[in-house]
Amino acid sequence: MGKVYYISRNVGLCMLVLAASALATIIALSVAYNKERAKNQGRPADGTSSPPAATTPSAAREAWDSYRLPQSLIPVYYNVTLWPRLEPDADGLYVFTGSSAVVFRCVKETDLIIIHSNKLNLTSFQGHHAKLSGVGGVRVPTIQKSWLVVKTAYLVLQLQGRLTVGASYVLFTEFQGELADDLEGFYRSEYVEDGVKKVVATSQMQATYARKAFPCFDEPAMKAVFNIVIIHHRGTVALSNGREIDSLDSVLDGIPVRVTTFEPTQRMSTYLLAFIVSDFVSIESLQNHLLIRIWARKKAIDDKQGDYARNVTGPILQFYEQYYNASYPLSKSDQIALPDFNAGAMENWGLVTYRETALLYDPVESSTGNKERVTTVIAHELAHMWFGNLVTLRWWNDLWLNEGFASYVEYLGADYAEPSWNIRDQMILYDVHKVFAMDALASSHPLSRREEEVNEPAQISEMFNTISYSKGAAVLRMLSDFLTEPVFARGLSSYLNRFAFDNTVYTDLWEHLQQAVDNTPDVHLPHSVHDIMNRWTLQMGFPVVSIDTRTGSITQKHFLLDPDSAVDRPSQFNYVWFVPIKWIKTGEEQQQHWLLQKTDTNSRMRVSGADWVLANTNVSGYFRVNYDLENWNRLLSLLNSHHQALPVINRAQIIDDAFNLARAKIIDTTLALATTKYLSKERDYIPWESALRNLNYYILMFDRTEVYGALQAYFKKQIEPLFEHFRGITANWTKVPTGHTDQYNQINAVGVACTVNVGGCRELIRSWYRQWMESPSHNPIHSNLKSTVYCHAIAFGGVDEWDFAWTMFKNATLASEASRLRSAMACTKTPWLLNRYLDYTLDPTKIRKQDATSTIQYIAANVVGMPLAWNFVRARWSYIFQQYGKGSFSFANLINGITKRFSTEFELQELKKFKEDNLQVGFGSATLALEQAIEKTTANIKWVTENKADVLRWLTEESTFRET
Ligand SMILES: *[C@@H]1O[C@H](CO)[C@@H](O)[C@H](O)[C@H]1NC(C)=O
Ligand SMILES: *[C@@H]1O[C@H](CO)[C@@H](O)[C@H](O)[C@H]1NC(C)=O
Ligand SMILES: *[C@@H]1O[C@H](CO)[C@@H](O)[C@H](O)[C@H]1NC(C)=O
Ligand SMILES: *[C@@H]1O[C@H](CO)[C@@H](O)[C@H](O)[C@H]1NC(C)=O
Ligand SMILES: [Zn+2]
């Protein structure tokens, strides 16, 4: 599945006054499935499927009490027919009906049939929930009784005799389910086109929702072939994993319908199935005879919003065929953009589903960031077509390998499609630095779980988190780097070919990579792939490697952001890693050093005079680096004299490492600040972005204190040259830069420059916005800059600017334009406008319910809006919680967003009082966030106390000192 929680790829970076709120994500450990999880809690049990108590055998730990299927029956193929109704029935209920025949083989003698079934009303056959027959004249035991188990979501059949090992049987069921708008299983999505409400039937099976569409053995290792038939309205189109082979008009129950039959699927897992009925249209292309189609609302396709996706899909598939050395396993590739979709995207085999913003790109209205997101999400999902779909991990405990892998190779696929973007470098920002922030907390956890630890759906959902995605990606990138890319790809290819259509555990991949290493004479590892990788996957966290260039000594230590936090989770490896250290000495790449113990020495790392050492070249290793002060100073002076002597990724790394080492009290805060001095000469995006994210914490802590004046003056001094640089290369802002990341950095330059009032910036923005206000149908602002321009024009404007934005928001037809305006309206500094906007958030006719809590967060991100939002939420907590707290994935972020600046004793007391006052009401999915907010406020108070004076002194000196 795609990541749902994207750090804005520069889509709205400067909205939060200065920089993206990367640190905010520390709380959002759990990514994709929070919404489903929150929804599952407190849902009333479906009474209709409860077994009559008297018929439920009551012995403890019966087979049907276990969340894992017994391994006695193995499915071979299914015939499934589904008929979703896109209009409500007489009771106002949207339903689907269906039937399924599953042929399964008995591999272990048993008198029980246990199969998943959730929220389905099953038709009764002679008093039982299913019909059983034998294949090829096999004798079939009589069904003694059948019942449903709600907790484990099973249909259970107790037989009078035993099934025969080696024999095959058919279980036939007929059922009716609700086509609810719950985004799970077979569900309903609605949208409005030309004032008409349209209904789409679509599906999301991962991880455990296929059982909600039809009774099935719903575990990833229970692969089978699926013969799908979909019955639907004439005038709609039905899609599934396989290519449609037949579509005929018919009349069923007196209703004129169309019956579409799909080719049999390959042997595949249930979680990758997909069924969609819609009135969408498509555009297509052929890539070596493979049919590629992009589906979306007609209006979106007419506006050419699918063209970009179609253009990049062919090249990306071609790249993976070469990279995996395996051809695309299916006969077609469909991708579809859905108006309501929970995750970012889902890699259903042959029919990938996306949020609209992850697939559609409007050549006029969308920004470069929007485009990059489309490319990387497509590359991510298509990577799964082999890794994950063709070869599937046996159980969800290994999810990190599936998602980490796709999160790594998405950069390779996207790089192939857009070679000029240098997108592989950006992984440092969007995955490595992001997950460093979480994996440095005492509350982190190891990548790998044991199979027995992951059973219930909620435990499975928890696996979909940033550690799985981003740390998985980071350690695989490191592995690929120390094996070398060709060896990694060879091992991968042999793994995929060996296990095609089958299931694996993660050690299978290590074995095939090891074979590739063993067959390559010039790659030497100090230990096996298995032993090296265990250190990174079985223990949480990562090391900080300290190099003392006076002695050549190297040490490693588990890096924790809060040095006072104790890790109570023991590690079998005592938090020692096998660390591949690539390094540069005075500009020359050196032989890689393997750090295999806690301490070591390398005499070549002993340097003096003008020589310097830089470790972790290109941040290919998953660790931070510290040096003796002399070497730090040499690196700083190198940055200040000719920073281009260091790779661009390492410039970003030096900043990020230094700020984090300072937070952990390993180095001085002023040393961290000193890494930003050279930025007045830096033009590249990645180091700037890294600095802005780190400095964002300083802004939050100090923007209500006397430090802020000095901070602003320092920012102004640093950003001015960048602003002028972009003015120059854009011919006075009449063009956009050609470089991909230059476009991102232009956004940073304009956003920061306007915030700190660099001459000309605010005038520029005002004049653009004025022009737009004068002729609303001709927006002169380039899409890349819209978020920033709207925000600042509203921040430095008045009620006219705000009301104009409101009108444009109400009239916006492109979802991303509406969301830019919605966040920009939170930028005003006028209290009454902010309070009015807060009132709007709780009025669903003004702000859609799904957008309410995020709008409040935008307001809280504004230094003027923060106390207003805090008062607003406190005063209405019980209402907000009742209306918006149930089942909302973003609800926890509300508390997190509002309390981000909290750093005084007074605020801490207020927070504690808020908790006490509302114990009766409760906090729902924000409970943990509230605890973390209290903890973080405490930590912030401490940090501010310890650092404020030093920071103020340093900033004051730096901002008044002028180089001559
Ligand atoms: C499944 O469908 C195929 C094709 O219609 C048919 O030949 C086969 O007998 C069906 N199998 C079962 C168990 O119903
Ligand atoms: C299932 O049966 C129950 C009880 O008869 C009924 O209330 C419910 O609406 C049914 N669900 C569907 C989707 O038909
Ligand atoms: C897609 O490719 C066509 C043909 O090369 C090109 O004309 C068009 O501009 C591309 N569209 C987008 C959005 O990239
Ligand atoms: C930009 O504007 C300045 C001042 O108006 C002018 O001197 C300069 O020539 C302009 N540069 C370009 C490239 O248009
Ligand atoms: Zn994925």
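Ligands are counted one by one from 1 in listed order, and the atoms in each one are counted from 1 as well.
- E403 contributes atom OE1 as its closest N/O/S atom to the Zn ion (ligand 5).
- Atoms of ligand 2 lying under 4.0 Å from any heavy atom of L93, numbered from 1 in the order shown and given with element: 9 (O).
- Under the 4.0 angstrom criterion, atom 9 (O) of ligand 3 counts as lacking any protein heavy-atom contact.
- Among the atoms of E381, no N, O or S atom is found under 2.8 Å from the Zn ion (ligand 5).
- Both cation-pi conditions hold for R188 and Y94: the charged atom is under 6.0 angstrom from the six-membered ring centre and inside a 45 degree cone around its axis.
- Atom 14 (O) of ligand 3 is approached by the protein to below 4.0 angstrom, counting heavy atoms only.
- Using modelled atom types, one finds a donor on one side chain and an acceptor on the other under 3.5 Å when comparing H380 with E403.
- For the residue pair D439 and Y622, a side-chain donor N or O sits within less than 3.5 Å of a side-chain acceptor on the partner.
- Ligand-side atoms of ligand 3 in range of Y308: 13 (C), 14 (O), range being under 4.0 angstrom from any heavy atom.
- Within the 3.5 Å criterion, the main-chain N or O of R477 finds no donor-acceptor partner in the side chain of S480.
- Applying the 4.0 Å criterion to heavy atoms of G177 picks out, from ligand 2, the atoms 13 (C).
- For the pair Y495 and V391, the minimum side-chain heavy-atom distance is below 4.5 Å.
- Between the side chains of N784 and S367, no donor-acceptor pair of N or O atoms lies under 3.5 Å.
- Between the side chain of S269 and the backbone N or O of K223, no donor-acceptor pair lies under 3.5 Å.
- Contacts of D91 with ligand 2, taken as heavy-atom pairs under 4.0 Å, are absent altogether.
- The Zn ion (ligand 5) lies closest to atom NE2 when only the N/O/S atoms of H380 are considered.
- Closest heavy-atom approach to atom 11 (N) of ligand 2 among the candidates N121, V95, L120: N121.
- For atom 3 (C) of ligand 3, the nearest protein heavy atom is under 4.0 Å away.
- If you take CD on E410 and CG on D415, they are separated by 12.0 Å, rounding to the nearest 0.5 Å.
- Residue-to-ligand polar distances place N311 within reach of ligand 3: an N/O pair is separated by less than 3.5 Å.
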